[in-house]
Amino acid sequence: MKPQEFRRIVILTGAGISAESGIPTFRDKGGLWEKYRIEDVATPEAFRKDPAFVLEFYNRRRRDLLKVKPNAAHYALARLEREYPGEVLLVTQNVDDLHERAGSRRIIHMHGELLKVRCEGCGHVFKTEEDILTTTPCPSCGKKGTLRPHVVWFGEMPFHLEEIWQALQGCDLFLAVGTSGTVYPAAGFVEIARRAGAWCVELNLEPSAVADLFHEHHYGPATKVVPAFVEGLLQRSKNFDTG
Ligand code: OAD
């Protein structure tokens with residue numbers, strides 16, 4: 001690892017960090033996009049064409065999420081945020097809440113959250129663990145047929161991009177964990193961070209599509225490589241005066 005102190009760390013996580021908790025990734029063998037077509041469940045057009053089918057896809061994922069638990073990689077990143085003497089910001093593409101359940105607090109869900117629902121009529125966003133049907137009324141405006149998952153679909157703008165861009169511009173360590181590097185804009189974050197002078201580290205099961213842009217790589221299951229990397233970072237930080 002580069003011998004310097006890191007004052008501001010930005011971590012991008014993807015489906016690979018939750019794989020060992022039992023949530024299937026998108027593009028691995030047996031992944032979600034092998035079973036479903038993106039055009040059928042993850043676009044605004046799909047929702048307009050068959051809202052009941054799209055809602056059921058997310059209802060099933062929401063029910064599955066409630067059955068699983070955070071793993072050692074989620075806990076390690078929460079520990080890093082708690083114990084590191086510099087700033088740590090987590091940006092996740094994941095719509096699960098496993099980072100929060102593990103204790104992470106500074107977190108941006110750029111692709112939304114499975115446990116939140118939005119009313120397309122009045123804009124109200126609320127938390128729920130319940131199934132949403134085309135007949136479920138919005139708890140704020142009372143209209144039916146206007147509720148949708150508060151997730152970002154293909155063709156829609158990810159959330160909080162300005163805040164993420166600012167953080168990438170100002171970070172000196174960028175970590176990407178468990179992401180295939182195939183979906184933009186997230187796949188382009190390494191380029192922004194690198195241009196801003198950050199040391200860039202990829203932690204993944206295998207080289208991602210943008211692996212060449214990282215300075216350092218650690219390949220293996222997230223529950224092994226992430227806790228080991230965090231431990232190293234915390235040990236090294238004891239030798240630095242980050243004040
Ligand atoms: P992908 O399914 O594209 O990639 C998952 C990555 O995690 C792959 O590179 C795997 O090698 C790696 N991986 C699998 N198991 C792992 C493990 N146990 N430990 C470490 N790494 C592991 O998922 P994302 O990159 O997150 O967007 O996908 C990005 C976006 O595409 C998602 O947010 C979603 C999807 O379509 C939307 O729905 C808008």
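As the structure lists them, so they are numbered: ligands from 1, and atoms in each ligand from 1. Because only heavy atoms are used, hydrogens play no part in the values below, and waters and symmetry mates are left out as well, while side chains stay in.
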Less than 3.5 Å apart, which donor and acceptor atoms pair up between the side chains of residues 148-156 and the rest of the protein, not counting sequence neighbours?
unit_1 : atom_1 : unit_2 : atom_2 : d
Arg148 : NH1    : Glu156 : OE2    : 2.8
Arg148 : NH2    : Val151 : O      : 2.7
Arg148 : NH2    : Glu156 : OE1    : 3.1
His150 : ND1    : Arg118 : NH1    : 2.9
Trp153 : NE1    : Tyr58  : OH     : 2.9
Glu156 : OE1    : Trp153 : N      : 2.8

Any Asn204 side-chain heavy atom under 4.5 Å of His217 side chain
no
Can you tell me which residue pairs pass the side-chain hydrogen bond (donor to acceptor under 3.5 Å, both in side chains) test with a partner in residues 218-234, sequence neighbours excluded?
Glu20-Thr223, Arg79-Glu231, Glu202-Tyr219, Glu216-His218, Glu231-Gln235
Does the Asn71 side chain pair with the main chain of Ile17, one donor and one acceptor, at a distance under 3.5 Å?
yes
With Tyr75, which residues qualify under side-chain hydrogen bond (donor to acceptor under 3.5 Å, both in side chains), at least two apart?
none
Who's touching ligand 1 if we go heavy atoms under 4.0 Å?
Gly14, Ala15, Gly16, Ala19, Glu20, Thr25, Phe26, Arg27, Asp28, Trp33, Gln93, His111, Val152, Phe154, Gly178, Thr179, Ser180, Val183, Asn204, Leu205, Glu206, Gly220, Pro221, Ala222
Where the side chain of Arg61 meets the backbone of Leu114, is there a donor-acceptor pair that is under 3.5 Å apart?
no
